[in-house]
There are 2 protein chains.
Amino acid sequence: MTEKLASTRPRLNRDRVQTAAVALADHIGIEAVSMRRLSEELGVVPMALYKHVANKEELLDAMVEVIVGEIDPPAADAAWKDAVRLRILSARDVLLRHPWARQVLESRKHQTPVVLDYMNSMVGMFLGGGFSVDLTHHVMHALGSRMWGFTQELFLPSGGSAAEATMPREMNERYPHIALVAGAASHDDSVVAHGCDDRFEFEFALSLLLDGFERLHEAGWVSSRRTPSPR
Amino acid sequence: MTEKLASTRPRLNRDRVQTAAVALADHIGIEAVSMRRLSEELGVVPMALYKHVANKEELLDAMVEVIVGEIDPPAADAAWKDAVRLRILSARDVLLRHPWARQVLESRKHQTPVVLDYMNSMVGMFLGGGFSVDLTHHVMHALGSRMWGFTQELFLPSGGSAAEATMPREMNERYPHIALVAGAASHDDSVVAHGCDDRFEFEFALSLLLDGFERLHEAGWVSSRRTPSPR
DNA sequence: ACCTGAACACCGTTCAAGT
DNA sequence: ACCTGAACACCGTTCAAGT
């Protein structure tokens with residue numbers, strides 16, 4: 001019962017720690033992942049983790065590393081627009097497999113090398129497509145979290161008819177416009193008829209932005225921003 | 001010393017709790033706001049808060065309530081595009097005053113009435129502008145967190161030349177494209193010459209989206225999405 | 001009706017010690 | 001070099017009690 005188990009499990013190392021952390025988050029949710037819970041999973045005392053990871057922040061960075069590694073490499077010979085779209089949709093697929101990754105990515109304050117590599121390659125796609133440095137800068141900001149394949153779904157986040165289903169009559173009275181837009185689902189043949197398709201909404205907005213970028217690029221857009229004061 | 005202080009401070013109520021919570025978050029940061037710390041601020045024992053707020057989640061909801069209340073009401077007689085832009089920029093101003101509000105807003109899972117009111121009025125602006133129910137739906141999703149005046153700043157979040165300043169030479173070698181786009185700041189007269197202006201980037205992307213919405217609306221856009229399977 | 005006090009089951013992380 | 005054990009200073013929240 002209390003025999004030594006040390007020989008039955010491999011030595012701990014950073015790789016085993018970060019892999020186990022990702023698997024644990026997939027399994028029990030990120031909010032339940034603690035240093036203590038993870039150490040338990042690895043059959044080790046909590047403090048043993050601190051030899052391989054400086055603290056919890058670094059553990060989260062290490063988890064991001066794993067996730068970013070799962071994103072497809074850039075498409076070899078594609079025009080900028082396709083290359084960007086494919087990369088972003090691949091990132092989106094990864095985040096769908098690891099639903100917790102979104103909020104962890106958001107919470108990182110210092111970018112790690114893998115994160116910078118990903119962004120660097122995406123900047124390269126725009127520059128390679130002939131975008132000016134100036135426009136590329138703004139375009140990267142405009143993408144925001146969308147370059148990682150996610151956005152804040154703050155409007156009808158539960159996925160379509162849920163808001164309507166939970167409170168049918170009050171919705172109609174207090175929030176008629178929302179009810180109209182959310183509730184059209186049940187009685188017409190438009191998009192909303194099929195409920196709210198996250199992928200469709202994501203691609204809709206992504207295309208809108210990419211088309212906008214293309215239009216500005218082709219028009220030879222340059223920023224007309226001036227310094228606030230004449231002096 | 002240990003005399004009764006009960007009479008010197010007003011009775012606790014929900015309003016005093018939520019106001020104090022907002023002030024405390026402004027002052028010490030959201031991560032330091034705990035039920036215990038807040039109760040201390042109010043000169044009361046931790047459990048006293050639970051008479052006015054069911055739990056910490058509800059406290060955060062109450063804080064969001066205060067924040068949303070600070071957003072300007074809709075402009076009276078403005079076209080949809082101006083109305084939407086003004087409302088969003090007002091929300092942005094509020095979030096700049098309460099930097100913690102962004103992440104709290106993101107973390108809410110169930111929308112409270114004030115949040116639904118805000119979204120309802122914004123949906124109304126598009127419908128009032130003649131947008132179809134269908135297009136309005138997609139447009140609201142495309143706005144995402146931008147309708148609350150914020151986005152995930154994941155690209156050069158520190159505000160321009162910081163990334164370059166902290167590691168000048170390694171950046172140039174490992175991440176040449178990022179360095180180019182971030183570093184152009186110091187030696188030309190374009191936008192990036194003035195460092196990275198959050199407000200400019202926000203309005204750039206907002207305008208791109210609003211212009212895109214307008215174009216689709218004027219073209220009488222309808223969704224061409226079909227159900228995945230023929231049957 | 002509102003506030004208190006003690007307790008429970010957790011956290012991340014330190015330090016000094018073991019092998 | 002790597003792992004352990006005990007301890008510290010926190011959490012949110014319960015329960016039963018006070019006024």
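Proteins get letters first, then strands, A, B, ... in listed order; numbering begins at 1 in each. Note that the coordinates shown come from a computational prediction; the quantities given were computed from them, not determined experimentally.
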Review point. Under the side chain to side chain donor-acceptor pair (under 3.5 Å) rule, what pairs show up with a residue in residues 28-46 of chain A, not counting sequence neighbours?
Key: A/Arg37-A/Glu41
Review point. Could you state the CG-C1' distance from A/Leu38 to C/dC10, rounded to the nearest angstrom?
Key: 16 Å
Practice item. For A/Ala23, check side chain to side chain contact (heavy atoms under 4.5 Å, CB included) against everything at least two apart and list the hits. Key: none
Point to revise | Closest non-hydrogen atom pair, A/Arg87 against A/Asp72 | key: NE-O, 2.9 Å
Point to revise | Positions of residues 50-65 of chain A (non-hydrogen atom under 4.0 Å from DNA chain C), listed by number | key: A/Tyr50, A/Asn55, A/Lys56
Practice item. Quick one: closest heavy-atom pair of A/Arg108 and A/Glu57, and the distance? Key: NH1-O, 3.2 Å
Exercise for review: Assess whether side-chain contact (heavy atoms from CB on, under 4.5 Å) is satisfied between B/Val115 and A/Leu154, documenting all intermediate values.
Suggested key: CA-CA 10 Å; B/Val115 166; A/Leu154 298 166; over 6 Å; no
Exercise for review: With the side chain of A/Arg11 defined as its heavy atoms from C-beta on, choose the nearest nucleotide among D/dC3, D/dG12, C/dG12.
Suggested key: D/dC3
Practice item. Apply ring pair (Phe, Tyr, Trp, His ring centres under 6.0 Å) to A/Tyr118 and list each qualifying residue two or more places apart in sequence or on a separate chain. Key: A/Trp148
Revision key, fill the gap. Sorted by chain and number, sequence neighbours left out, side chain to side chain contact (heavy atoms under 4.5 Å, CB included) with B/Glu106 holds for A/Glu106, A/Gln152, B/Arg102, B/Phe150, B/Gln152
Check your understanding: Within this structure, what is the CE-to-P distance between B/Met35 and D/dC11, rounded to whole angstrom?
Key -> 12 Å
Exercise for review: Would you write the dot-bracket representation of DNA chain C, where each base gets (, ), [, ], | or . depending on whether it forms a Watson-Crick or G-U pair under 3.5 Å and with which partner?
Suggested key: ||.|||||...|||||.||
Review point. Does any residue of residues 26-33 of chain B have a heavy atom under 4.0 Å from DNA chain C, and if so, which ones, in number order?
Key: none
Review point. Taking all non-hydrogen atoms of both residues, which atom of B/Met125 and which atom of B/Pro74 are closest, and how far apart?
Key: CE-CB, 3.7 Å
Close N/O contacts between protein and nucleotides 6-9 of chain D (under 3.5 Å):
none

Practice item. Compute whether any side-chain donor of one residue and acceptor of the other, for B/Arg146 and A/Thr151, lie under 3.5 angstrom apart. Key: no
Revision key, fill the gap. Here the distance between atom C1' of D/dC2 and atom CZ of A/Arg14, to the nearest Å, is 17 Å
Review point. Given atom CG of A/Leu49 and atom C1' of C/dC11, what is their separation to the nearest angstrom?
Key: 14 Å
Point to revise | Sequence-distant partners of A/His177, ring pair (Phe, Tyr, Trp, His ring centres under 6.0 Å), two or more places apart | key: none
All N/O donor-acceptor pairs, side-chain side in residues 45-54 of chain B, below 3.5 Å, sequence neighbours left out:
{"from": "B/His52", "atom 1": "NE2", "to": "B/Leu12", "atom 2": "O", "distance (Å)": "3.2"}

Check your understanding: Can you name the salt bridge (charged side-chain N to carboxylate O under 4.0 Å, His left out) partners of A/Arg174, sequence neighbours left out?
Key -> B/Asp117
Exercise for review: Using whole Å, report how far CD of A/Glu40 lies from P of C/dC11.
Suggested key: 8 Å
Review point. Does A/Trp100 have any ring pair (Phe, Tyr, Trp, His ring centres under 6.0 Å) partners at least two apart in sequence or in another chain, and if so, which?
Key: A/His98
Check your understanding: Which nucleotide, D/dG12, C/dT4, C/dC11, lies nearest any side-chain atom of A/Ser34?
Key -> C/dC11
